[in-house]
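Following: one structure in structure tokens, then a few remarks.
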Amino acid sequence: MIEQIFSFPSTMIWPLAACLILTGIHVYLGVHVIARKVIFVDLALAQIAALGTVTGVLLGYEAGKDINALYLYSLAFTFFGAFIFSITRMRGEKVPHEAIIGIVYAVTFAATILVLSKSALGPQELDHIIKGDLLWVQSAVVIKTALIYAAVGLFHFAFRKNFLAISFDVHAAEAAGIRVRLWDFLFYMSFGFVITSSVAIAGVFLVFSYLVIPSVAAMLLAEKISTRLALGWIGSSIISFVGVKLSWTTGLPTSPLIVVLFAAALLLTGVFRYLKLAPKKLTAVRNMAGAVAVVALFVGGLFFFGNPEEDPLTHTLHMLGSPLSTDRQAALSNLRTYGDRDSLWLPSVVRLLHDQDAAVRIDAVDLLGEMKERSALPAVLDLLDDGSDEVVLSVLRAAQVLGDSAAASRLLTKAGNVADQELKTEILKAALAMGNPGAIPGLIQVAGEGGVFADDALDALKEHVRIGPGNDRPGKLSAWWNENKSRIRRDRSTGIFAIPG
């Protein structure tokens with residue numbers, strides 16, 4: 001039984017080790033953060049570090065490849081954040097330092113979104129910043145992080161008197177001749193070393209939880225700093241172990257699960273403190289029973305008034321009408337599993353061919369092509385006049401699945417009105433693949449002009465037309481076509497155009 005409790009697969013050992021390392025440094029730093037009343041400094045510095053990373057990516061470095069360069073970018077931004085926080089701490093707190101920190105966090109988060117908007121990996125990278133990469137952390141990263149944290153810990157231990165003084169009694173520190181702004185900067189700078197590493201592993205919110213929740217819980221139970229640290233370290237280690245273990249056995253995501261366990265532990269700590277210090281125990285128990293009843297009523301009401309589970313297809317159809325384009329795209333993707341019920345969703349998808357978002361129009365066309373919805377071909381071909389070249393290319397893909405030689409005539413008409421040589425070539429290739437010989441002279445013309453798309457056009461001709469040896473040169477191609485265009489026929493079995501006999 002005990003072996004089962006403490007057994008872990010090898011894949012979970014390093015995530016657990018990372019959690020324990022995070023516990024060691026963050027509980028200590030959390031004591032300082034709580035004392036300074038700058039609860040959200042962790043979130044702010046974490047967001048500053050993230051902005052540094054995405055800025056490095058925008059300037060040409062690759063995530064996963066240029067790890068050291070991106071780390072230095074993140075660290076440089078964090079040091080700059082440390083400088084801002086150290087110089088904005090005001091005597092007398094006319095403007096609370098937490099207000100400055102909140103402003104910095106909001107501005108930095110907005111700046112991060114703006115930078116990510118220029119990156120193809122924008123949404124994914126933002127999701128990674130929030131959630132981290134705890135389950136996939138490697139041994140080298142854990143060891144490197146442990147060494148960084150050990151160096152920060154030794155630094156704080158060597159100058160513990162100064163750090164404790166500026167956190168717990170800044171006036172006494174000033175009276176003792178301690179340069180508060182300098183040591184503030186050193187505190188936030190060392191904090192930045194920690195945050196830069198921990199956010200990449202665990203994400204913003206789990207790091208915030210490691211920093212704040214154990215320290216708050218320990219504060220409810222003890223007054224001495226040493227006791228708070230001991231309680232925080234022990235409690236966080238236990239919760240980390242339980243969280244990783246439950247994540248392994250239940251399949252729930254590790255970081256959110258640990259955060260919820262921290263919250264539950266904090267709630268139990270608050271209840272314990274309340275009952276312990278209550279002057280009238282019976283009254284306290286009665287109050288707790290009332291609170292539990294209110295919570296039970298609230299949770300029960302949520303389930304009682306909940307909407308019965310909706311049919312998955314019905315839910316997907318509702319998503320097609322969502323104001324969010326991402327919802328509409330997700331719904332289109334889901335519809336691939338309902339090919340046998342196309343009569344229910346086909347009208348809605350056809351309407352999305354005129355969606356204001358080009359990405360949605362592309363997904364709708366691709367779905368109709370994949371599901372071989374030939375009845376939708378006229379509506380799909382109407383998008384040949386779409387203002388987005390990407391949409392037109394999706395129409396060409398679908399038309400080759402849904403259309404025939406007759407439908408290809410619309411493509412040839414479109415090709416005659418297109419100035420863009422690349423798009424014109426793609427339209428002609430699609431028309432030829434659909435069996436319309438009218439595309440051949442257009443492709444011969446493109447091949448004869450010798451531009452960047454000449455080889456592309458020539459390859460398409462060789463694939464669908466039996467030209468014969470020696471006739472594949474641009475000059476001879478045109479002459480060969482003029483000589484044989486009235487005799488050329490398409491072989492029904494192979495789909496190849498050739499001269500009979």
All N/O donor-acceptor pairs, side-chain side in residues 266-280, below 3.5 Å, sequence neighbours left out:
{"residue": "Thr269", "atom": "OG1", "partner": "Ala265", "partner atom": "O", "Å": "2.8"}
{"residue": "Arg273", "atom": "NH1", "partner": "Leu220", "partner atom": "O", "Å": "2.7"}
{"residue": "Tyr274", "atom": "OH", "partner": "Asn287", "partner atom": "ND2", "Å": "3.0"}

Show which side-chain atoms of residues 235-242 pair as donor or acceptor with protein atoms under 3.5 Å away, not counting sequence neighbours.
{"residue": "Ser236", "atom": "OG", "partner": "Gly232", "partner atom": "O", "Å": "2.9"}
{"residue": "Ser237", "atom": "OG", "partner": "Trp233", "partner atom": "O", "Å": "2.8"}
{"residue": "Ser240", "atom": "OG", "partner": "Tyr210", "partner atom": "OH", "Å": "2.6"}
{"residue": "Ser240", "atom": "OG", "partner": "Ser236", "partner atom": "O", "Å": "2.8"}

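Ring-centre distance between Phe155 and Phe159: below the 6.0 Å cut-off. For Trp345 and Tyr338, the ring centers are positioned 6.0 Å apart or more.
Within the 4.5 Å cutoff, the side chain of Val349 has no heavy atoms near those of the Met371 side chain. When side chains are defined from C-beta on, Leu352 counts as touching Leu332, because their heavy atoms get closer than 4.5 Å. Residues Ser209 and Ile258 have side chains not in contact (no heavy-atom distance under 4.5 Å, counting atoms from C-beta outward). Side-chain contact check for Leu246 versus Leu252: every heavy-atom pair is 4.5 Å or farther apart. Under the 4.5 Å side-chain criterion, counting only non-hydrogen atoms from C-beta, Phe85 is in contact with Val104. The shortest distance between side-chain heavy atoms of Leu368 and Leu346 falls below 4.5 Å. A 4.5 Å side-chain heavy-atom check between Leu164 and His32 finds at least one atom pair inside the cut-off. In this structure, the side chains of Phe187 and Arg36 come closer than 4.5 Å at one or more pairs of heavy atoms.
Put simply, CG on Leu70 and OG1 on Thr55 are 10.0 Å apart, with the number rounded to the nearest 0.5 Å. Rounded to the nearest 0.5 Å, atoms CG (Asp342) and CG (Leu335) are 10.5 Å apart. How far OG1 of Thr316 is from CG of Leu344: 11.5 Å, rounded to the nearest 0.5 Å. Interatomic distance, CD1 of Ile101 versus CG of Leu45, reported as 8.0 Å (0.5 Å rounding). Annotation: the span from Thr145 atom OG1 to Leu22 atom CG amounts to 8.0 Å, rounded to 0.5 Å. Between atom OG1 of residue Thr254 and atom NZ of residue Lys245 there is a gap of 13.0 Å, rounded to the nearest 0.5 Å.
Around atom CZ of Phe80, no more than 12 heavy atoms belonging to other residues, nucleotides or ligands sit under 6.0 Å away. Within a 6.0 Å sphere centred on CG of Leu282, other residues, nucleotides and ligands contribute 12 heavy atoms or fewer. For NZ of Lys224, the number of neighbouring non-hydrogen atoms (other residues, nucleotides, ligands) closer than 6.0 Å is 12 at most.
Shown here for Val142 and Ala17, the closest heavy-atom pair between the two residues is CG1-CB, 4.1 Å. Closest non-hydrogen pair, Ala173 versus Val180, comes out as CB-CG2, 4.5 Å. For the residue pair Val137 and Ala18, the shortest heavy atom distance occurs at CG1-CB, 4.3 Å. When every heavy atom of Ile213 is checked against every heavy atom of Ala263, the shortest pair comes out as CD1-N, 4.3 Å. Residues Val365 and Leu383 share a closest heavy-atom pair of CG2-CD1, 3.5 Å. Shortest non-hydrogen contact noted between Leu353 and Ala364 is CD2-CB, 3.9 Å.
Formation of a donor-acceptor pair under 3.5 Å by the Ser215 side chain with backbone atoms of Leu211 is found in this model. When atom types are taken as modelled, the side chain of Arg228 and the backbone of Ala222 share a donor-acceptor pair closer than 3.5 angstrom. Side-chain atoms of Thr53 come within 3.5 Å of backbone atoms of Ala49 as a donor-acceptor pair (strictly under, hydrogens ignored). Side chain of Thr112 to main chain of Thr108: a donor-acceptor pair is present (N/O by atom type, distance under 3.5 Å, no hydrogens or angles). Proximity of a side-chain donor or acceptor of Ser198 to a complementary backbone N or O of Val194 within less than 3.5 Å is detected.
Sorted by first and then second residue, the pairs that involve residues 321-337 and meet salt bridge (charged side-chain N to carboxylate O under 4.0 Å, His left out), not counting sequence neighbours, are Arg328-Asp355, Arg336-Glu370. Pairs engaging residues 147-163 under the side-chain hydrogen bond (donor to acceptor under 3.5 Å, both in side chains) rule: Tyr28-His156, His156-Ser190 [sequence neighbours left out].
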**Request:** May I have the step-by-step check of side chain to side chain donor-acceptor pair (under 3.5 Å) for Ser394 and Arg397, ending in yes or no?
**Result:** CA-CA 5 Å; Ser394 71; Arg397 291 192 298 268; 4.6 Å; no
**Item:** side-chain contact (heavy atoms from CB on, under 4.5 Å) assessment of Val392 paired with Glu426
**Value:** CA-CA 10 Å; Val392 175; Glu426 293 297 326; over 6 Å; no
**Message:** Between Phe191 and Val152, is the side-chain contact (heavy atoms from CB on, under 4.5 Å) condition met? List the steps.
**Reply:** CA-CA 8 Å; Phe191 199 112; Val152 172; over 6 Å; no
**Item:** Evaluation steps, side-chain contact (heavy atoms from CB on, under 4.5 Å), between Ile225 and Phe168
**Value:** CA-CA 11 Å; Ile225 295 177; Phe168 285 86; 3.5 Å; yes
**Residue pair Phe83, Asp184: steps toward the side-chain contact (heavy atoms from CB on, under 4.5 Å) verdict** = CA-CA 9 Å; Phe83 171 73; Asp184 256 347; over 6 Å; no
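Under the rule for a ring-ring contact (aromatic ring centres under 6.0 Å, His included), the partners of Phe193 that lie at least two apart in sequence or sit in another chain are Phe79. Legend: residues meeting side chain to side chain donor-acceptor pair (under 3.5 Å) with Asp389, ordered by chain and number and at least two apart, are absent.
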